[in-house]
Asks: 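Okay, here's the structure, questions in a sec.
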Amino acid sequence: MTQTQDTEILLGVTGGIAAYKSADLCSRLVRQGYGVTVVMTENATRFVTPLTFGSLSGRKVYTSMWDSQSVYDTRHIALAGQAHLIVVAPATANIIAKAAQGICDDLLSTILCGRKTDLLMAPAMNTQMWQNAATQRNIEFLVSRGVHLVGPSDGNLACGEIGPGRMSEPDEIIQRIKTLTGGTIV
């Protein structure tokens, strides 16, 4: 048994082409003994289906604050509270800006605003978006508030360009998760 056995990860998946890597990340985390709950933005569901993440995690996938039977559900508080670590992969320029500014217009951004646990973001976007002054300001602000980053890497991007903005590979993200949660690196 590894130290990952009772570690809960909340995996936030946003709308970028790198979302396919997040499915691999989810699968690897589960195989290593982590409990993984997935929260997807609406745009993320355009790249990978909730069914994919549900099958890989063995859990319900959350996509909206408004899909419960009750009039108002405080799942954003409960989901944030049960996680030992929140990981956003891919972290688009959009979710980075929302997190930096405290914008709460969907389930994931609301969870990020109400979190009490550590946050690890794996940025993924076009090089110009990554190098944009506003994105860099948002990153600096988040890091100054204790948010952890992994990547982005340099490489081939979906748009055909080569440069910084490529989401880190699942193995690199898992290594950072293990470091942050005290898990055994296998």
Side-chain angles (χ1 to χ4, degrees), residues 1-68 73 75-92 94-96 99 106-112 115 117-125 148-153 155-158 165-186:
M1 179 163 97
T2 65
Q3 292 178 346
T4 62
Q5 248 351 73
D6 295 317
T7 304
E8 288 290 326
I9 303 295
L10 190 145
L11 176 59
V13 182
T14 65
I17 189 63
Y20 78 91
K21 286 184 178 181
S22 300
D24 186 30
L25 174 63
C26 178
S27 177
R28 290 176 189 222
L29 287 169
V30 169
R31 284 195 315 260
Q32 291 187 31
Y34 288 95
V36 180
T37 299
V38 178
V39 174
M40 299 177 73
T41 64
E42 180 181 346
N43 287 334
T45 66
R46 296 173 184 262
F47 291 94
V48 183
T49 69
L51 178 62
T52 299
F53 284 102
S55 297
L56 295 171
S57 69
R59 296 183 174 181
K60 175 179 173 48
V61 174
Y62 297 91
T63 58
S64 173
M65 289 178 53
W66 310 111
D67 63 359
S68 72
D73 188 351
R75 83 176 54 153
H76 58 287
I77 305 298
L79 288 171
Q82 72 189 26
H84 293 99
L85 178 67
I86 298 172
V87 178
V88 179
T92 59
N94 186 45
I95 198 68
I96 289 168
D106 61 18
L107 181 58
L108 182 58
S109 60
T110 303
I111 287 170
L112 296 181
R115 72 183 174 82
T117 190
D118 281 338
L119 171 60
L120 173 64
M121 296 184 117
M125 63 198 75
H148 305 276
L149 294 180
V150 56
S153 302
N156 293 317
L157 305 175
R166 184 177 175 85
M167 187 171 107
S168 296
E169 295 302 319
D171 285 340
E172 186 178 352
I173 297 169
I174 290 170
Q175 187 170 25
R176 280 302 299 283
I177 290 169
K178 288 180 183 283
T179 299
L180 292 169
T181 63
T184 305
I185 298 174
V186 270

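Note that these values count all heavy atoms, side chains included, but never hydrogens, waters or copies made by symmetry. None of the values given here were measured: they were computed from a predicted structure.
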Asks: How far apart are the closest heavy atoms of Phe53 and Ala19, and which atoms are they?
Replies: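 The pair with the smallest heavy-atom distance is CZ-O, 4.0 Å.
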Asks: What's the verdict on side chain to side chain contact (heavy atoms under 4.5 Å, CB included) for Val48 and Val13, showing C-alpha distance, side-chain angles and the deciding distance?
Replies: CA-CA 9 Å; Val48 183; Val13 182; over 6 Å; no
Asks: Quick one: list whatever passes side-chain contact (heavy atoms from CB on, under 4.5 Å) with His84, sequence neighbours left out.
Replies: Thr7, Glu8
Asks: For Thr52 and Thr49, which I'm curious about, is there any donor-acceptor pair between the side chains at under 3.5 Å?
Replies: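 Short answer, yes.
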Asks: Provide the closest heavy-atom pair for Cys26 versus Leu11 in the form atom of the first, atom of the second, distance.
Replies: CB-CD2, 3.9 Å
Asks: Below 4.5 Å, heavy atoms only, C-beta onward: do Arg115 and Leu10 meet side chain to side chain?
Replies: no
Asks: Among all residues two or more places apart in sequence or in another chain, which pass the side-chain contact (heavy atoms from CB on, under 4.5 Å) test with Pro152?
Replies: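 Residues passing side-chain contact (heavy atoms from CB on, under 4.5 Å) with Pro152: Pro123, Trp130.
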Asks: Please list all pairs passing the salt bridge (charged side-chain N to carboxylate O under 4.0 Å, His left out) test where one or both residues lie in residues 11-26, with sequence neighbours left out.
Replies: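 Non-adjacent pairs meeting salt bridge (charged side-chain N to carboxylate O under 4.0 Å, His left out): Lys21-Glu169, Asp24-Arg28.
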Asks: Compare every heavy atom of Val88 with every heavy atom of Pro90, then report the nearest pair and how far apart it is.
Replies: O-CG1, 3.7 Å
Asks: For Ser27, what residues pass the side chain to side chain donor-acceptor pair (under 3.5 Å) criterion, not counting sequence neighbours?
Replies: Arg31
Asks: Decide yes or no on side chain to side chain contact (heavy atoms under 4.5 Å, CB included) for Met121 and Ile95, but give the supporting numbers first.
Replies: CA-CA 10 Å; Met121 296 184 117; Ile95 198 68; 4.2 Å; yes
Asks: Could you tell me whether the side chain of Tyr34 reaches within less than 4.5 Å of the side chain of Ile177, counting heavy atoms only?
Replies: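 Yes - at least one pair of side-chain heavy atoms lies under 4.5 Å apart.
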Asks: Hey, could you give me the CD1/OG distance between Ile9 and Ser57, rounded to the nearest 0.5 Å?
Replies: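 So the gap between those two atoms works out to 13.0 Å.
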Asks: Counting only pairs under 3.5 Å, give me each side-chain donor-acceptor contact of residues 35-44, with atom names and distances, residues two or more places apart or in other chains.
Replies:
residue, atom, partner, partner atom, Å
Thr37, OG1, Arg59, NH1, 2.9
Thr41, OG1, Ala44, N, 3.2

Asks: When rounded to the nearest 0.5 angstrom, what is the spacing between CD1 in Ile17 and OG1 in Thr92?
Replies: 13.5 Å
Asks: What are the two closest non-hydrogen atoms of Pro50 and Thr45, and how far apart are they?
Replies: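 Where Pro50 meets Thr45 most closely, the heavy atoms are CG-CG2, 3.8 Å.
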Asks: Evaluate side chain to side chain contact (heavy atoms under 4.5 Å, CB included) for Glu172 paired with Ser153, printing each intermediate quantity in order.
Replies: CA-CA 10 Å; Glu172 186 178 352; Ser153 302; 4.2 Å; yes
Asks: Under the side chain to side chain contact (heavy atoms under 4.5 Å, CB included) rule, what do His148 and Leu85 come out as? Steps first, then yes or no, please.
Replies: CA-CA 11 Å; His148 305 276; Leu85 178 67; 5.5 Å; no
Asks: Taking only residues two or more places apart in sequence, or in another chain, which ones meet Ala122 in a side-chain contact (heavy atoms from CB on, under 4.5 Å)?
Replies: Ala89, Val150, Met167, Ile173
Asks: How far does CD1 of Ile174 sit from CG of Leu29, to the nearest 0.5 angstrom?
Replies: 4.5 Å
